[in-house]
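Each remark here refers to the structure printed beneath this line.
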Amino acid sequence: MNATREENVVNHNSTSHDSSAPTLVIDTSFGSTVGIVGQEPISEHDSRSHVEHLEPNINEAVSRAGLTVSDIATIVVGIGPAPFTGLRAGIVTAKALAFATGASLIGQNVLEPEAFWMANQRFTVPDGLTSHNDADDSPLQESDDIDNVDAATHLVLAVNDARRKQLYFALYQVAPALLELSGPAQSSTESADQSTKLLKSINTAMPIDIDYPDNIVARVNTYIADIAHESGDNIKLDVMGHGIERYAAILQGIAHIHSMHDGSLLEAGSSGMQTFAGLALAHRAHGDDIAANPLYVRRPDVQVPSPLKRVVNA
(Lines give C-alpha, C1' and ligand atoms only; values in the text may rest on other atoms or scores of the structure.)
Protein backbone atom coordinates (compact mmCIF):
# COMPACT_ATOMS: atom_id res chain seq x y z
CA MET A 1 0.00 0.00 0.00
CA ASN A 2 1.29 3.44 -0.90
CA ALA A 3 1.54 5.24 2.46
CA THR A 4 1.68 8.70 0.90
CA ARG A 5 -1.45 8.13 -1.13
CA GLU A 6 -3.32 6.72 1.88
CA GLU A 7 -2.38 9.75 3.99
CA ASN A 8 -3.65 12.09 1.29
CA VAL A 9 -6.91 10.18 1.00
CA VAL A 10 -7.66 9.97 4.70
CA ASN A 11 -6.48 13.44 5.71
CA HIS A 12 -7.34 15.52 2.64
CA ASN A 13 -7.77 19.08 3.89
CA SER A 14 -8.60 21.25 0.87
CA THR A 15 -10.65 24.37 1.62
CA SER A 16 -12.28 24.40 -1.80
CA HIS A 17 -15.11 22.11 -2.80
CA ASP A 18 -17.09 21.85 -5.99
CA SER A 19 -20.72 21.58 -4.84
CA SER A 20 -21.53 19.60 -8.01
CA ALA A 21 -18.88 16.95 -7.28
CA PRO A 22 -20.57 13.69 -6.20
CA THR A 23 -20.37 13.08 -2.45
CA LEU A 24 -21.12 9.66 -0.97
CA VAL A 25 -22.29 9.32 2.63
CA ILE A 26 -21.73 6.05 4.53
CA ASP A 27 -22.86 5.59 8.13
CA THR A 28 -23.16 2.40 10.17
CA SER A 29 -23.59 3.93 13.60
CA PHE A 30 -27.12 2.53 13.79
CA GLY A 31 -27.96 -0.01 11.12
CA SER A 32 -26.58 1.45 7.91
CA THR A 33 -27.32 4.41 5.69
CA VAL A 34 -25.68 5.13 2.35
CA GLY A 35 -26.46 7.61 -0.36
CA ILE A 36 -25.27 10.29 -2.75
CA VAL A 37 -25.88 13.82 -1.47
CA GLY A 38 -28.88 15.23 -3.32
CA GLN A 39 -30.51 11.80 -3.61
CA GLU A 40 -32.65 9.75 -1.24
CA PRO A 41 -30.55 7.50 1.02
CA ILE A 42 -30.81 3.73 1.37
CA SER A 43 -31.17 2.59 4.98
CA GLU A 44 -30.99 -0.78 6.72
CA HIS A 45 -32.24 -0.93 10.31
CA ASP A 46 -31.66 -4.63 10.95
CA SER A 47 -28.34 -4.71 12.80
CA ARG A 48 -27.99 -8.43 12.04
CA SER A 49 -27.78 -7.97 8.28
CA HIS A 50 -26.81 -4.37 7.52
CA VAL A 51 -23.13 -5.24 7.06
CA GLU A 52 -23.93 -7.80 4.36
CA HIS A 53 -26.08 -5.25 2.54
CA LEU A 54 -23.58 -2.40 2.76
CA GLU A 55 -21.70 -2.97 -0.50
CA PRO A 56 -24.83 -3.76 -2.61
CA ASN A 57 -26.54 -0.66 -1.18
CA ILE A 58 -23.57 1.54 -2.08
CA ASN A 59 -23.65 0.22 -5.65
CA GLU A 60 -27.41 0.80 -5.78
CA ALA A 61 -27.12 4.36 -4.46
CA VAL A 62 -24.39 5.22 -6.97
CA SER A 63 -26.39 3.66 -9.81
CA ARG A 64 -29.57 5.54 -8.86
CA ALA A 65 -27.65 8.80 -9.13
CA GLY A 66 -26.53 7.88 -12.64
CA LEU A 67 -22.92 7.60 -11.55
CA THR A 68 -20.13 5.07 -11.34
CA VAL A 69 -17.99 4.56 -8.25
CA SER A 70 -15.07 6.27 -9.98
CA ASP A 71 -17.17 9.48 -10.25
CA ILE A 72 -17.26 9.94 -6.48
CA ALA A 73 -15.13 12.91 -5.40
CA THR A 74 -15.71 12.85 -1.64
CA ILE A 75 -16.79 10.22 0.88
CA VAL A 76 -18.23 11.33 4.22
CA VAL A 77 -18.28 8.50 6.76
CA GLY A 78 -19.93 8.43 10.16
CA ILE A 79 -17.33 7.73 12.86
CA GLY A 80 -19.75 7.13 15.72
CA PRO A 81 -19.95 7.01 18.61
CA ALA A 82 -21.35 3.53 18.14
CA PRO A 83 -20.70 -0.11 19.05
CA PHE A 84 -17.52 -1.63 17.65
CA THR A 85 -18.62 -4.19 15.05
CA GLY A 86 -21.13 -2.17 13.03
CA LEU A 87 -19.13 1.05 13.13
CA ARG A 88 -15.93 -0.65 12.02
CA ALA A 89 -17.65 -2.12 8.94
CA GLY A 90 -18.67 1.28 7.62
CA ILE A 91 -15.33 2.97 8.24
CA VAL A 92 -13.29 0.14 6.72
CA THR A 93 -15.55 0.15 3.65
CA ALA A 94 -15.22 3.92 3.27
CA LYS A 95 -11.42 3.82 3.61
CA ALA A 96 -11.11 1.00 1.08
CA LEU A 97 -13.37 2.79 -1.40
CA ALA A 98 -11.52 6.09 -0.97
CA PHE A 99 -8.17 4.42 -1.51
CA ALA A 100 -9.40 2.55 -4.60
CA THR A 101 -11.01 5.58 -6.25
CA GLY A 102 -8.80 8.44 -5.01
CA ALA A 103 -11.80 10.15 -3.44
CA SER A 104 -11.16 12.35 -0.41
CA LEU A 105 -12.39 10.92 2.89
CA ILE A 106 -13.96 12.90 5.73
CA GLY A 107 -14.91 11.50 9.13
CA GLN A 108 -17.93 13.06 10.84
CA ASN A 109 -19.24 12.23 14.31
CA VAL A 110 -22.93 11.43 14.16
CA LEU A 111 -24.14 13.44 17.16
CA GLU A 112 -23.25 16.95 15.99
CA PRO A 113 -25.39 16.76 12.81
CA GLU A 114 -28.30 15.44 14.91
CA ALA A 115 -28.14 18.60 17.05
CA PHE A 116 -27.87 20.88 14.01
CA TRP A 117 -30.78 19.12 12.32
CA MET A 118 -32.93 19.31 15.45
CA ALA A 119 -32.30 23.03 15.73
CA ASN A 120 -33.23 23.56 12.07
CA GLN A 121 -36.42 21.58 12.60
CA ARG A 122 -37.44 23.72 15.56
CA PHE A 123 -40.94 24.35 14.23
CA THR A 124 -41.53 21.18 12.22
CA VAL A 125 -41.37 17.51 13.11
CA PRO A 126 -39.61 15.28 10.52
CA ASP A 127 -41.71 12.40 9.23
CA GLY A 128 -41.10 9.18 11.05
CA LEU A 129 -39.70 10.72 14.24
CA THR A 130 -41.42 10.30 17.59
CA SER A 131 -42.10 13.66 19.22
CA HIS A 132 -43.03 14.54 22.81
CA ASN A 133 -43.90 18.08 23.84
CA ASP A 134 -43.16 19.22 27.38
CA ALA A 135 -46.65 20.56 27.94
CA ASP A 136 -49.15 18.12 26.47
CA ASP A 137 -47.10 15.26 24.96
CA SER A 138 -48.00 16.45 21.45
CA PRO A 139 -45.75 17.31 18.49
CA LEU A 140 -44.22 20.74 18.17
CA GLN A 141 -46.59 23.17 16.51
CA GLU A 142 -45.79 25.79 13.88
CA SER A 143 -47.55 28.34 16.12
CA ASP A 144 -44.70 28.23 18.67
CA ASP A 145 -43.50 31.74 19.59
CA ILE A 146 -40.53 32.26 17.25
CA ASP A 147 -39.36 35.42 19.00
CA ASN A 148 -39.36 33.64 22.35
CA VAL A 149 -37.40 30.72 20.92
CA ASP A 150 -34.85 33.05 19.35
CA ALA A 151 -34.33 34.70 22.73
CA ALA A 152 -33.91 31.39 24.54
CA THR A 153 -30.73 29.45 25.17
CA HIS A 154 -31.28 26.51 22.84
CA LEU A 155 -29.70 23.21 23.86
CA VAL A 156 -29.84 19.89 22.03
CA LEU A 157 -28.96 16.61 23.68
CA ALA A 158 -27.94 14.25 20.85
CA VAL A 159 -27.83 10.54 21.68
CA ASN A 160 -27.24 7.15 20.09
CA ASP A 161 -28.15 3.74 21.48
CA ALA A 162 -25.03 2.17 23.01
CA ARG A 163 -26.83 -1.01 24.13
CA ARG A 164 -26.18 -2.49 27.58
CA LYS A 165 -28.75 0.01 28.93
CA GLN A 166 -26.47 2.94 28.04
CA LEU A 167 -26.51 5.86 25.61
CA TYR A 168 -23.78 7.73 23.80
CA PHE A 169 -24.48 11.43 24.18
CA ALA A 170 -23.26 14.98 23.71
CA LEU A 171 -24.88 18.29 24.61
CA TYR A 172 -24.78 21.20 22.17
CA GLN A 173 -25.77 24.86 22.38
CA VAL A 174 -27.12 26.04 19.05
CA ALA A 175 -27.49 29.64 17.89
CA PRO A 176 -31.02 30.52 16.72
CA ALA A 177 -29.97 32.04 13.39
CA LEU A 178 -28.52 29.01 11.62
CA LEU A 179 -26.92 29.22 8.20
CA GLU A 180 -28.15 27.24 5.23
CA LEU A 181 -25.94 24.38 4.10
CA SER A 182 -27.02 24.41 0.47
CA GLY A 183 -25.42 27.59 -0.85
CA PRO A 184 -22.11 26.81 -2.61
CA ALA A 185 -19.18 29.13 -2.03
CA GLN A 186 -17.74 30.99 -5.01
CA SER A 187 -14.11 30.73 -3.85
CA SER A 188 -11.96 28.92 -1.32
CA THR A 189 -11.84 32.08 0.83
CA GLU A 190 -15.62 32.41 0.82
CA SER A 191 -15.92 28.70 1.59
CA ALA A 192 -13.69 29.10 4.64
CA ASP A 193 -15.66 32.17 5.79
CA GLN A 194 -18.98 30.35 5.41
CA SER A 195 -17.64 27.36 7.29
CA THR A 196 -16.41 29.51 10.17
CA LYS A 197 -19.82 31.17 10.54
CA LEU A 198 -21.61 27.84 10.26
CA LEU A 199 -19.50 26.10 12.88
CA LYS A 200 -19.83 29.04 15.26
CA SER A 201 -23.59 28.44 15.29
CA ILE A 202 -23.16 25.15 17.16
CA ASN A 203 -20.98 24.80 20.24
CA THR A 204 -20.21 21.73 22.32
CA ALA A 205 -21.52 22.16 25.86
CA MET A 206 -20.75 18.60 26.99
CA PRO A 207 -18.37 16.46 24.88
CA ILE A 208 -19.17 12.98 23.58
CA ASP A 209 -19.41 10.37 26.32
CA ILE A 210 -21.29 7.21 27.31
CA ASP A 211 -23.40 6.72 30.42
CA TYR A 212 -26.62 5.32 31.84
CA PRO A 213 -29.73 7.44 31.17
CA ASP A 214 -30.21 8.31 34.86
CA ASN A 215 -26.66 9.62 35.05
CA ILE A 216 -27.05 11.56 31.81
CA VAL A 217 -30.13 13.31 33.22
CA ALA A 218 -28.23 14.23 36.37
CA ARG A 219 -25.21 15.52 34.46
CA VAL A 220 -27.29 17.59 32.03
CA ASN A 221 -29.36 19.06 34.86
CA THR A 222 -26.16 20.06 36.66
CA TYR A 223 -24.97 21.86 33.52
CA ILE A 224 -28.34 23.60 33.11
CA ALA A 225 -28.31 24.73 36.74
CA ASP A 226 -24.85 26.23 36.20
CA ILE A 227 -25.83 28.27 33.13
CA ALA A 228 -29.23 29.28 34.55
CA HIS A 229 -27.49 31.99 36.55
CA GLU A 230 -26.73 33.75 33.24
CA SER A 231 -29.65 32.60 31.06
CA GLY A 232 -32.40 32.58 33.66
CA ASP A 233 -35.27 30.21 32.99
CA ASN A 234 -35.39 30.99 29.26
CA ILE A 235 -33.80 27.68 28.27
CA LYS A 236 -35.17 25.21 25.72
CA LEU A 237 -33.74 21.71 25.43
CA ASP A 238 -34.53 19.15 22.74
CA VAL A 239 -33.39 15.54 22.68
CA MET A 240 -32.79 13.62 19.46
CA GLY A 241 -31.35 10.28 18.45
CA HIS A 242 -31.81 6.53 18.58
CA GLY A 243 -32.67 5.02 21.95
CA ILE A 244 -34.88 7.86 23.19
CA GLU A 245 -38.14 5.93 23.03
CA ARG A 246 -36.69 3.17 25.19
CA TYR A 247 -35.61 5.62 27.90
CA ALA A 248 -38.23 8.34 27.43
CA ALA A 249 -39.60 8.08 30.98
CA ILE A 250 -36.13 8.71 32.40
CA LEU A 251 -35.14 11.44 29.95
CA GLN A 252 -38.31 13.39 30.77
CA GLY A 253 -36.52 14.25 34.02
CA ILE A 254 -34.24 16.71 32.20
CA ALA A 255 -34.97 20.30 33.19
CA HIS A 256 -36.42 22.66 30.56
CA ILE A 257 -37.06 19.79 28.15
CA HIS A 258 -39.11 20.88 25.16
CA SER A 259 -39.27 17.84 22.87
CA MET A 260 -37.82 14.41 22.22
CA HIS A 261 -37.43 12.75 18.82
CA ASP A 262 -36.42 9.11 18.45
CA GLY A 263 -34.64 8.79 15.12
CA SER A 264 -31.84 10.15 12.97
CA LEU A 265 -31.52 12.98 10.48
CA LEU A 266 -30.29 10.39 7.95
CA GLU A 267 -33.78 8.87 8.10
CA ALA A 268 -35.28 12.19 7.02
CA GLY A 269 -34.25 11.77 3.39
CA SER A 270 -32.04 13.87 1.15
CA SER A 271 -32.19 16.97 3.35
CA GLY A 272 -30.75 15.02 6.27
CA MET A 273 -27.97 13.72 4.04
CA GLN A 274 -27.23 17.29 2.96
CA THR A 275 -26.94 18.43 6.58
CA PHE A 276 -24.68 15.51 7.51
CA ALA A 277 -22.34 16.04 4.56
CA GLY A 278 -22.54 19.83 4.80
CA LEU A 279 -21.20 19.90 8.35
CA ALA A 280 -18.40 17.51 7.41
CA LEU A 281 -17.40 19.69 4.45
CA ALA A 282 -17.52 22.76 6.69
CA HIS A 283 -15.10 21.12 9.12
CA ARG A 284 -12.76 20.32 6.22
CA ALA A 285 -12.89 23.88 4.90
CA HIS A 286 -12.25 25.19 8.40
CA GLY A 287 -9.14 23.04 8.73
CA ASP A 288 -10.49 20.83 11.53
CA ASP A 289 -9.48 17.25 12.21
CA ILE A 290 -11.44 15.17 9.70
CA ALA A 291 -9.66 11.84 10.09
CA ALA A 292 -11.95 8.82 9.80
CA ASN A 293 -11.03 7.38 13.18
CA PRO A 294 -13.79 5.47 15.01
CA LEU A 295 -15.32 6.82 18.21
CA TYR A 296 -15.98 3.69 20.25
CA VAL A 297 -15.99 5.63 23.57
CA ARG A 298 -16.83 2.56 25.65
CA ARG A 299 -13.81 1.10 27.37
CA PRO A 300 -12.86 -2.39 26.16
CA ASP A 301 -14.10 -5.34 28.20
CA VAL A 302 -10.72 -7.04 28.02
CA GLN A 303 -8.34 -6.03 30.78
CA VAL A 304 -4.74 -6.86 31.52
CA PRO A 305 -4.84 -9.54 34.22
CA SER A 306 -3.20 -8.94 37.54
CA PRO A 307 0.21 -10.57 37.95
CA LEU A 308 0.24 -14.00 39.54
CA LYS A 309 1.00 -14.12 43.21
CA ARG A 310 4.40 -15.46 44.05
CA VAL A 311 4.37 -18.54 46.20
CA VAL A 312 7.40 -18.80 48.44
CA ASN A 313 8.20 -22.20 49.84
CA ALA A 314 8.59 -22.21 53.59
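Note that the structure is predicted; figures quoted are calculated from it, not measured. For the numbers below, each heavy atom of this structure counts, side chains included, while hydrogens, waters and symmetry mates do not. The residues of the chain are indexed from 1 along the displayed sequence.
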Flag side-chain contact, heavy atom, 4.5 Å: [X] against [Y]:
X	Y	answer
His286	Leu198	no
Thr28	Thr93	no
Leu97	Leu24	yes
Met260	Gln252	yes
Ser43	Leu266	no
Glu112	Ile202	yes
Phe276	Val110	yes
Val159	Leu251	no

Please report the closest heavy-atom contact between [X] and [Y], naming both atoms and the distance.
X	Y	result
Gly78	Ile91	O-CG1, 3.8 Å
Glu245	Asp262	N-OD2, 2.6 Å
Leu237	Ala255	CB-O, 4.4 Å
Pro83	Ser29	CD-O, 4.4 Å
Glu44	Asn57	CG-ND2, 3.2 Å
Ala61	Gly35	CB-CA, 4.0 Å

Applying salt bridge (charged side-chain N to carboxylate O under 4.0 Å, His left out) to Asp209 and not counting sequence neighbours gives Arg219
Report the distance from atom [atom1] of [X] to atom [atom2] of [Y], rounding to the nearest 0.5 Å.
X	Y	atom1	atom2	value
Asp288	Ile106	CG	CD1	11.0 Å
Leu167	Tyr212	CG	OH	11.5 Å
Leu157	Ile244	CG	CD1	7.5 Å
Ser32	Ile58	OG	CD1	8.5 Å
Asn160	Phe169	CG	CZ	13.0 Å
Thr153	His256	OG1	NE2	9.5 Å

With a 4.5 Å cut-off on side-chain heavy-atom distances among I, L, V, M, F, W and Y, is there a chain of contacts connecting Val92 to Leu54?
no
Does Ile75 share a hydrophobic cluster with Ile42, counting links as ILVMFWY side-chain heavy atoms below 4.5 Å and allowing steps through other members?
yes
When you compare the side chains of Asp238 and Ser259, does any donor N or O come within less than 3.5 Å of an acceptor on the partner?
yes
Polar side chain donor-acceptor pair, Thr101 to Ser70, under 3.5 angstrom:
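Ser70 and Thr101 do not have a side-chain donor-acceptor pair below 3.5 Å.
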Stepwise side chain to side chain contact (heavy atoms under 4.5 Å, CB included) check, Val37 with Thr74
CA-CA 10 Å; Val37 173; Thr74 303; over 6 Å; no
Listed by chain and number, what are the side-chain contact (heavy atoms from CB on, under 4.5 Å) partners of Glu40, not counting sequence neighbours?
Ser270
Taking Asp71 for the side chain and Thr68 for the main chain, is one N or O donor matched with an acceptor at less than 3.5 Å?
yes
Is a side-chain N or O of Asp27 found less than 3.5 angstrom from the main chain of Gln108, in a donor-acceptor match?
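Such a contact is absent between Asp27 side chain and Gln108 backbone.
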Residue pair Glu114, Met118: steps toward the side chain to side chain contact (heavy atoms under 4.5 Å, CB included) verdict:
CA-CA 6 Å; Glu114 300 284 10; Met118 187 67 256; over 6 Å; no
Tell me, with the steps shown, if Leu265 and Phe116 meet side chain to side chain contact (heavy atoms under 4.5 Å, CB included).
CA-CA 9 Å; Leu265 80 164; Phe116 194 93; over 6 Å; no
Show the numbers, then the answer: is there a side chain to side chain contact (heavy atoms under 4.5 Å, CB included) between Ile79 and Asn293?
CA-CA 6 Å; Ile79 58 173; Asn293 296 324; 5.9 Å; no
Which of parallel (below 30°), tilted (30 to 60°) and perpendicular (above 60°) describes Tyr296 and Phe84?
tilted
Crowded around Arg64 CZ? As in, over 12 foreign heavy atoms under 6.0 Å?
yes
